Chemist: 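Questions regarding the structure given below will be posed in turn.
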Amino acid sequence: MLNLVNKSPFERLAMESCLRVAPKGSAIVFLEDGVYAVTKGTAAAAKIQAAAEGSAIYVLGPDLDARGVDRERVMDGVTEIDYGGFVDLVVEHGTPQSWL
Amino acid sequence: MLNLVNKSPFERLAMESCLRVAPKGSAIVFLEDGVYAVTKGTAAAAKIQAAAEGSAIYVLGPDLDARGVDRERVMDGVTEIDYGGFVDLVVEHGTPQSWL
Amino acid sequence: MKFGILVNEGPFTHQASDSAYQFAKAAIEKGHEVLRVFFYYDGVNNANKLSEPQSDDRNLVKLWGELGKEHNIDLVVCIAAALRRGIKQDVLADGFRISGLGQLIEVGIAADRTVVFGD
Amino acid sequence: MKFGILVNEGPFTHQASDSAYQFAKAAIEKGHEVLRVFFYYDGVNNANKLSEPQSDDRNLVKLWGELGKEHNIDLVVCIAAALRRGIKQDVLADGFRISGLGQLIEVGIAADRTVVFGD
Amino acid sequence: MSEEVVFDTEGVRKNFMFLNRKAPYGTIYALEILEMILISAAFEQNTTVAFMDDGVYQIKKGQNTKALGMKNFSPMYGVVEMEKEDAEEDEDVEMVWRIVVEQESMEARGLSPEDLVLDVEVLPAAEFGALMAQQDVILGG
Amino acid sequence: MSEEVVFDTEGVRKNFMFLNRKAPYGTIYALEILEMILISAAFEQNTTVAFMDDGVYQIKKGQNTKALGMKNFSPMYGVVEMEKEDAEEDEDVEMVWRIVVEQESMEARGLSPEDLVLDVEVLPAAEFGALMAQQDVILGG
């Protein structure tokens with residue numbers, strides 16, 4: 001299962017639901033407003049860091065660019081992908097689940 | 001200022017923003033999916049109870065009915081209103097702010 | 001009192017348009033006046049006359065049009081938001097008109113209260 | 001691989017339709033096949049040919065239509081969702097067709113992966 | 001209008017989950033997913049109708065939308081239950097139907113199975129997640 | 001089409017707040033509120049352009065939407081700043097323009113005023129709320 005999270009962790013609780021339910025070690029892709037989740041120094045950072053232990057965390061680069069997120073503010077251990085990389089992940093990891 | 005909250009406290013953080021920013025003692029109307037906030041025995045109940053100290057809390061009855069919320073599950077101290085009562089509150093309290 | 005109402009969402013998808021309609025109706029029943037309802041963002045979809053809900057559901061496009069006509073409420077669809085979303089004269093329901101964002105600011109000045117319904 | 005895509009939201013209001021479009025394009029560039037894009041909920045508004053965004057913005061209705069034609073993607077608008085929202089043959093953009101919800105289940109069975117884009 | 005396209009799905013049986021995570025009436029997702037589930041039955045796929053987060057509220061007993069003028073779709077869940085029974089009784093078809101609720105979501109809302117219009121399996125988050133991981137297609141809104 | 005209706009607003013000056021609480025690009029609210037603000041300037045009202053919650057992200061520096069194909073509306077905030085300067089310089093009109101950010105929202109996102117494309121007043125939650133309470137009209141989305 002590949003988890004897709006497109007909501008800001010400061011507006012909605014979609015990410016919490018994903019972290020509570022998704023099997024340990026599931027990969028997570030942050031896209032759209034979800035990309036704010038992987039920025040350093042925010043009130044949500046500790047939760048993501050904890051989730052990152054054992055899960056592969058990806059973030060969509062074009063969505064970071066649109067929102068002006070400087071790369072040095074992206075958390076360590078997060079892998080940046082483009083849409084092609086996003087497609088590859090869906091191929092590799094099987095059924096995607098969009099946490100809308 | 002009259003605060004209107006139409007989001008479930010389990011899905012979005014709109015209510016938290018309202019409670020953080022709105023001047024102490026501001027009235028709050030819960031409507032639409034916001035009505036779940038004033039039900040007893042939920043994970044969000046303590047927060048609303050704390051807010052209710054000093055604020056007047058209202059809930060829209062037709063929205064409770066639609067969602068099958070039994071009245072004995074509505075927190076003490078919450079005043080139920082209909083749309084007419086909603087209009088009266090907007091007249092009395094001045095500028096409404098919708099926490100969308 | 002004089003009310004202005006802003007509707008931010010289309011019919012059906014969010015309850016915003018329903019709540020705004022019920023509020024407007026109640027305000028009129030209480031003897032108040034609703035000067036204008038301004039439809040912005042996806043709210044412009046409330047004016048699509050092709051909307052055809054199931055027979056056992058409410059028809060918000062018609063309900064708004066009738067309320068407007070009966071109580072002389074100015075129903076204004078924002079032209080900029082409407083163009084983007086393909087709401088044009090061809091599909092505009094009875095009772096609505098298309099105009100600029102200035103009409104929202106104007107009613108905000110003219111009304112005693114402006115109430116926003118959205119998502 | 002064969003992909004099915006579900007688009008839950010209309011153009012502009014949410015990024016869902018943009019993300020789905022970029023995903024579909026990237027999948028094709030990688031040599032995959034997109035069997036069908038199914039437009040449901042407010043997603044049906046992606047097929048409104050009257051949509052006329054500002055000249056410096058993207059036109060999602062056109063982009064979908066062109067992608068569909070060029071790569072033989074079946075663009076299906078759900079009839080039940082579309083009726084409610086006033087998307088009918090009169091305003092249906094080139095390249096789209098209106099059909100039932102069964103078409104979504106069918107592509108879910110036929111595709112190797114079904115990806116959902118929404119709000 | 002473009003021409004109809006048909007895909008060959010003969011004899012394929014996949015695991016479909018319809019995942020409900022939104023409250024009813026505030027948005028239309030609950031109603032339109034329900035329409036999706038009812039149509040899907042004809043395709044004889046393994047089906048899990050799942051409720052978590054505010055989606056649990058969709059099946060709360062006692063819904064009455066009269067004052068709102070909105071359609072009360074709560075009775076339509078009875079049809080979901082019938083489809084499940086049909087699937088269980090049909091000996092010709094090896095098809096599994098389940099109706100599941102995530103326990104943590106239900107409890108956080110102060111609800112119990114007696115509050116719900118459907119007979120459900122209550123699954124703790126970990127089991128609910130494990131079931132999600134077995135799906136071929138997860139549809140939601 | 002219905003006929004045009006005009007209300008008499010001559011000489012009335014109210015306090016308008018345009019409240020931005022949503023992130024840019026994920027939804028259109030940021031762009032369409034901005035269009036609202038720019039149109040409003042002609043009406044010479046007291047104007048507060050306010051950012052809180054994810055709305056603070058709207059004015060983050062360095063936005064580049066090229067790869068998304070979406071319109072980058074970030075430069076349009078420059079016009080908001082110009083309107084504010086015009087209002088301050090115009091001695092014939094007693095009109096107040098303010099651009100404010102709620103401090104708690106900004107800090108929770110790890111941002112500081114140097115990250116923003118606008119010169120803003122940073123207000124703690126209590127002051128921000130007090131300012132909201134002084135408004136005649138609060139518009140948002």
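It should be emphasised that the depicted structure is a prediction, and the values quoted were computed from it without experimental measurement.
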Chemist: I need the contact set between residues 8-22 of chain D and chain C: heavy-atom distance under 4.5 Å, sorted by residue number.
Modeler: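 So far as heavy atoms go, Phe12(D), Thr13(D) are the residues that approach chain C to under 4.5 Å.
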Chemist: Sort by residue number and list every member of residues 32-63 of chain D having a non-hydrogen atom under 4.5 Å from chain C.
Modeler: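 Hits under 4.5 Å: Asp42(D), Asn45(D), Asn48(D), Leu50(D), Ser51(D), Glu52(D), Pro53(D), Gln54(D).
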Chemist: Please check if the number of heavy atoms outside Lys25(C) that lie under 6.0 Å from its NZ is greater than 12.
Modeler: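 Not buried by this count: 12 neighbours or fewer within 6.0 Å.
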Chemist: With a sphere of 6.0 Å drawn around CG of Asp94(D), does it hold more than 12 non-hydrogen atoms of other residues, nucleotides or ligands?
Modeler: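 Check fails, neighbour count at 12 or below.
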